[in-house]
There are 2 protein chains.
Amino acid sequence: MQSPICAMLDIEFPLLAFSHCRDVVVAVSKAGGMGVFGAAALPPERLEEELAWIDAHIGGKPYGVDLIVPNSFAGKGETGGATRPEIPATHRDFAAGLLARFDIDAVGTDDATAARQALGDNMTDEGAAALLEVAFRHPIKLIANALGVPPSLMLDLGKRHDVPVAALVGTRDHALAQVRAGVDILVVAGGEAGGHCGEVATMVLVPEVAEAVGAVGASTPILAAGGIVTGRQMAAAMAMGAHGAWCGSVWLTTAEAETNPVVKEKMLAASSRDTIRSKSRTGKPSRQLRSPWTDAWEAEDAPKPLPMPLQSLVSEPALRKVDKLAEGGHEGAKQLATYWVGQGVGLMNEPMSAGQVVQAFKEDWIAACERLNGFVGG
Amino acid sequence: MQSPICAMLDIEFPLLAFSHCRDVVVAVSKAGGMGVFGAAALPPERLEEELAWIDAHIGGKPYGVDLIVPNSFAGKGETGGATRPEIPATHRDFAAGLLARFDIDAVGTDDATAARQALGDNMTDEGAAALLEVAFRHPIKLIANALGVPPSLMLDLGKRHDVPVAALVGTRDHALAQVRAGVDILVVAGGEAGGHCGEVATMVLVPEVAEAVGAVGASTPILAAGGIVTGRQMAAAMAMGAHGAWCGSVWLTTAEAETNPVVKEKMLAASSRDTIRSKSRTGKPSRQLRSPWTDAWEAEDAPKPLPMPLQSLVSEPALRKVDKLAEGGHEGAKQLATYWVGQGVGLMNEPMSAGQVVQAFKEDWIAACERLNGFVGG
């Protein structure tokens with residue numbers, strides 16, 4: 001396809017797949033798109049293992065790595081959990097009470113040390129540097145930052161290794177800040193996206209950013225994100241000024257994905273109304289599948305979510321326990337189980353392999369282009 | 001253009017313009033689209049005047065009329081203001097206090113009789129019937145209902161006069177209910193729309209509804225709405241399964257529009273982040289330009305909005321006074337002034353005539369189609 005994204009990344013079809021699952025990354029790159037491995041929550045030695053596995057299986061196809069290095073969060077820059085603010089009892093008790101209402105005891109969910117280390121340390125400058133060092137030891141073709149302007153270390157390493165740097169943005173002004181900082185690719189994510197997202201919808205944000213980037217004389221290519229789970233939506237975004245698409249949610253229900261099977265079933269059955277944008281999981285607004293867990297945190301009597309990354313230290317250990325119990329058939333846990341997903345979940349109704357998804361995108365893209373041409377055809 | 005919408009409405013370009021301003025209706029129809037006159041807040045005798053004026057100026061081009069007949073609201077079916085629930089003092093006092101902080105006295109804003117009659121009566125079955133009777137005395141080519149399934153009287157009159165009936169929907173299930181009820185055109189409006197709107201974004205809702213309509217064997221054509229203020233967005237929606245677009249916000253900054261000049265300036269300067277979806281104006285979620293007025297009602301100490309149509313009896317008289325004072329240069333009123341508008345306001349940066357907007361849509365539509373073809377061209 002004639003897109004600057006294809007030229008820049010040496011891929012056939014400008015569809016990027018964000019996934020925490022190495023099998024999805026490999027399958028998408030092999031099918032002509034590009035897998036981007038979400039490494040945010042991994043310690044460096046686990047990232048090394050995962051990337052080595054990808055190198056061994058991807059047959060030389062290009063792939064990328066995605067990190068989360070926010071500009072600001074509680075405890076940023078400090079290392080070692082001891083000096084960070086503690087979790088208030090109100091939040092721990094609320095989570096425990098919620099679990100109890102669904103017949104789950106809170107044992108193991110109030111010791112947040114493991115979650116704190118994995119989440120907290122990677123989001124410090126030192127933690128991020130360790131992950132970057134691992135990533136650049138491998139033949140990656142893209143490095144992405146999911147939150148805010150990438151740290152200068154990421155930009156410098158990208159330049160030194162000739163690896164394009166991508167950054168997610170949810171507003172026009174953030175996009176312009178990224179362009180000034182020197183990122184190579186903008187991932188423009190609307191509020192319908194799963195995970196962390198802004199409020200402006202993809203239908204508005206993509207043309208708004210495309211226009212603003214052009215107005216400052218830049219030509220930074222744009223990947224549209226947010227709600228996109230089909231080729232017709234990808235074509236729509238590209239008609240509005242994007243040069244390709246960045247998708248996360250659509251891979252969650254693929255055969256390769258390690259998504260909790262209970263959550264997979266919920267996603268296949270969900271409509272576009274079954275997600276909620278809430279601070280209750282990470283402390284920043286992120287879109288996720290609605291469940292009694294998210295409903296409880298949205299209720300008026302719920303404690304206000306803690307700032308990032310503290311809220312994750314409340315939610316992650318609890319939801320990991322919920323996931324395990326749900327897989328084992330625990331009824332209460334099956335109800336509570338949730339995961340990040342965008343409004344596009346309403347269009348994810350069939351289980352497919354990741355390679356089939358890429359193929360379906362290509363065919364649907366062409367069909368959408370033909371549909372559009374049909375309106376002016378004779 | 002080869003669209004079922006063009007065939008059904010006998011127009012050249014499937015762009016529908018919802019406007020409370022008769023000049024916009026006439027200009028859009030004359031430019032090859034179709035103006036739809038928003039009659040919701042008018043008494044029958046005023047609607048008669050407006051439609052007579054349109055008939056005299058539109059040169060035989062087709063136009064439509066839009067009403068709001070909700071399925072349920074406080075006091076529905078009752079006539080005469082006296083028997084309806086009264087406005088609580090908390091709400092009246094909060095509005096008065098807010099006005100006072102901006103140096104506006106509340107005199108004239110606490111007597112809601114006029115607003116009550118105009119708003120409340122039209123939303124009763126009898127009020128709606130009176131407006132419908134006026135509308136069908138004129139050569140309208142479309143009748144639309146902005147909220148919920150149209151009453152059977154509207155569907156019957158449409159059939160009898162061979163006038164297509166359109167209905168706005170914000171979810172897949174509402175769309176299917178409308179198809180079952182027998183509407184002729186679905187206006188599928190995403191959460192980025194100005195005025196009353198749901199939560200699902202246009203990028204997801206349009207393909208989701210198109211798929212669902214097809215799955216039940218229907219072929220009801222779809223107008224995409226929500227955030228669309230340019231031809232490239234219209235083309236995008238049509239690539240995803242829509243057959244045209246329904247736009248409201250984009251006309252508000254045109255030369256013909258009777259929008260408060262202060263609000264017009266705010267809209268031209270606004271980015272897509274400067275709107276808020278709030279219950280504070282009508283009692284149901286509607287998207288509007290952010291101002292200290294909307295901020296105050298969103299604050300934690302604000303009284304909870306009253307059910308429709310009672311909240312309007314608090315907000316409308318106050319905001320009409322604000323509008324008048326703002327036009328006269330009152331500083332506090334200029335700050336408070338607001339109006340319904342969608343996130344597309346971020347792309348509305350240039351004052352144009354309504355005819356120029358239609359022309360710009362056509363050119364931008366073609367450019368978007370060419371851009372898309374360029375990705376597969378040699």
Side-chain angles (χ1 to χ4, degrees), chain A residues 1-3 6 14 170-173 190-192 198-208 210-212 224 226-230 232-233 235-241 243-244 271-273 275-277 342-347 349 365-378, chain B residues 1-3 6 14 170-173 190-192 198-208 210-212 224 226-230 232-233 235-241 243-244 271-273 275-277 342-347 349 365-378:
Chain A
M1 196 170 262
Q2 309 291 317
S3 162
C6 293
T171 72
R172 180 194 62 182
D173 291 348
E192 53 268 64
E199 289 187 281
V200 182
T202 305
M203 180 63 89
V204 172
L205 191 64
V206 166
E208 192 182 26
E211 194 170 275
I228 302 177
V229 301
T230 64
R232 78 198 75 170
Q233 296 169 294
M238 291 169 76
M240 295 192 295
H243 305 93
S271 92
S272 59
R273 298 182 77 188
T275 73
I276 176 120
R277 184 174 175 271
Q343 290 186 335
V345 73
L347 291 161
N349 305 318
W365 197 105
I366 294 294
C369 190
E370 285 169 1
R371 184 182 304 122
L372 197 60
N373 286 324
F375 286 109
V376 282
Chain B
M1 197 170 262
Q2 309 291 318
S3 161
C6 293
T171 72
R172 180 194 62 184
D173 292 349
E192 53 267 66
E199 288 187 283
V200 182
T202 305
M203 180 62 89
V204 171
L205 191 64
V206 166
E208 191 182 25
E211 192 170 277
I228 301 176
V229 301
T230 64
R232 78 200 75 170
Q233 296 169 294
M238 292 170 77
M240 295 192 294
H243 305 93
S271 91
S272 60
R273 297 181 79 187
T275 73
I276 176 118
R277 185 174 174 270
Q343 290 185 334
V345 73
L347 292 161
N349 304 320
W365 197 104
I366 294 294
C369 191
E370 284 169 0
R371 184 181 305 123
L372 198 59
N373 286 324
F375 286 109
V376 283

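Note: hydrogens, waters and symmetry copies are ignored here, and every other heavy atom, side chains too, is used. In what follows, chains are A, B, ... by sequence order, proteins preceding strands, each numbered from 1. As the structure is a computational prediction, the values presented were derived from the model and not from experiment.
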Q: Identify which part of B:Arg172 has an atom lying under 4.5 Å from any heavy atom of chain A, answering side chain, backbone, both or neither.
A: side chain
**Q.** Residue selection (most heavy-atom pairs with chain A, distance under 4.5 Å) from B:Gly241, B:Ala239, B:Gly346, B:Gly227
**A.** B:Ala239
Q: Look at A:His243, A:Met1, A:Glu199, A:Arg277 and state which one has the largest set of heavy-atom pairs under 4.5 Å with chain B.
A: A:Met1
Q) Using non-hydrogen atoms only, which part of A:Asn349 is less than 4.5 Å away from chain B: side chain, backbone, both, or neither? A) side chain
Q.
How long is the straight-line distance from CD of A:Glu211 back to OG1 of B:Thr230, given to the nearest 0.5 Å?
A. 8.5 Å
Q: Examine whether an atom of A:Gln233 lies under 4.5 Å from a heavy atom of chain B, and if so say whether it belongs to the side chain, the backbone or both; otherwise answer neither.
A: both
Q) Does one side chain, of A:Ser272 or B:Glu208, offer a donor that lies under 3.5 Å from an acceptor on the other? A) yes
(Q) Report which part of B:Gln343 has an atom under 4.5 Å of a heavy atom belonging to chain A: side chain, backbone, both, or neither. (A) both
Q. Passes side chain to side chain contact (heavy atoms under 4.5 Å, CB included), B:Asn373 versus A:Cys369? Steps please.
A. CA-CA 7 Å; B:Asn373 286 324; A:Cys369 190; 3.2 Å; yes
Q. Looking only at heavy atoms, what is the nearest atom pair of B:Arg371 and A:Met240, with distance?
A. NH1-C, 3.7 Å
Q) Just wondering, do B:Ile366 and A:Val376 contact through their side chains at under 4.5 Å, heavy atoms? A) yes
Q.
Does any backbone or side-chain atom of A:Glu192 lie under 4.5 Å from a heavy atom of chain B? Answer side chain, backbone, both or neither.
A. side chain
Q | With B:Ala235 via side chain to side chain contact (heavy atoms under 4.5 Å, CB included) - residues at least two apart | A | A:Leu372, B:Trp365, B:Ala368
